[in-house]
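Notes to accompany the following structure.
For the single chain, residues carry numbers from 1 onward in sequence order.
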Amino acid sequence: MPELPEVETTRRHIAPVLDGRTIVAAELGRDRMARRNARPSDIADRLVGRRVESVGRRGKFLVIDLEDDLTWVIHLGMS
């Protein structure tokens, strides 16, 4: 599991690249990755076309705020 400094470093590197951009494609590698969502089968469809408003961090999670009050939460995991 990545430690807090690695997560913050990742956030600082991706924030300038993602801020204000629109997601044009998304792919879910495994259904297990979205198991805590009400509708895991359409996660990629809900992300496509949304503009990134901000990239933040909450503990060891990356929190990406998208337009229309959608939040994308990412954990970097062990891979």
Problem - Neighbour count >12 (heavy atoms, 6.0 Å) for atom NE2, His13 - result: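 Counting neighbours around NE2 of His13, 12 or fewer heavy atoms of other residues, nucleotides or ligands fall under 6.0 Å, so no.
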
Problem - Exceeds 12 heavy-atom contacts within 6.0 angstrom, atom CZ of Arg51 - result: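 Yes - once you tally the heavy atoms of other residues, nucleotides and ligands closer than 6.0 Å, there are more than 12.
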
Practice task
Check the hydrophobic clustering (I, L, V, M, F, W, Y; side-chain heavy atoms under 4.5 Å; chains of links allowed) and say if Trp72 and Leu76 are grouped together.
Solution key: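 They do share one cluster, since a chain of ILVMFWY contacts under 4.5 Å joins Trp72 to Leu76.
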
Atom of [X], atom of [Y] and distance for their closest heavy-atom approach:
| X | Y | answer |
| --- | --- | --- |
| Val7 | Pro2 | CG2-CB, 4.2 Å |
| Ala26 | Ala44 | O-CB, 3.4 Å |
| Ala34 | Leu28 | CB-CD2, 3.9 Å |

Practice task
Could you pull out all residues at least two apart from Asp45 that satisfy side-chain contact (heavy atoms from CB on, under 4.5 Å)?
Solution key: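 Testing Asp45 for side-chain contact (heavy atoms from CB on, under 4.5 Å), a comparison that skips the adjacent residues, returns Asp42.
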
Problem - CG on Leu70 to CD1 on Ile23, rounded to 0.5 Å - result: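 Here the interatomic distance stands at 8.5 Å.
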
Exercise for the section: Quick one: pull up CG in Leu4 and OG1 in Thr9 and give me the separation to the nearest 0.5 Å. Expected result: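 Going from CG on Leu4 over to OG1 on Thr9, the span is 9.5 Å.
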
Just list the side-chain donor-acceptor pairs under 3.5 Å for residues 52-64, sequence neighbours left out, or say none.
{"unit_1": "Ser54", "atom_1": "OG", "unit_2": "Asp65", "atom_2": "OD2", "d": "3.1"}
{"unit_1": "Arg57", "atom_1": "NE", "unit_2": "Glu8", "atom_2": "OE1", "d": "2.8"}
{"unit_1": "Arg57", "atom_1": "NH1", "unit_2": "Gly59", "atom_2": "O", "d": "3.1"}
{"unit_1": "Lys60", "atom_1": "NZ", "unit_2": "Glu3", "atom_2": "OE1", "d": "3.3"}

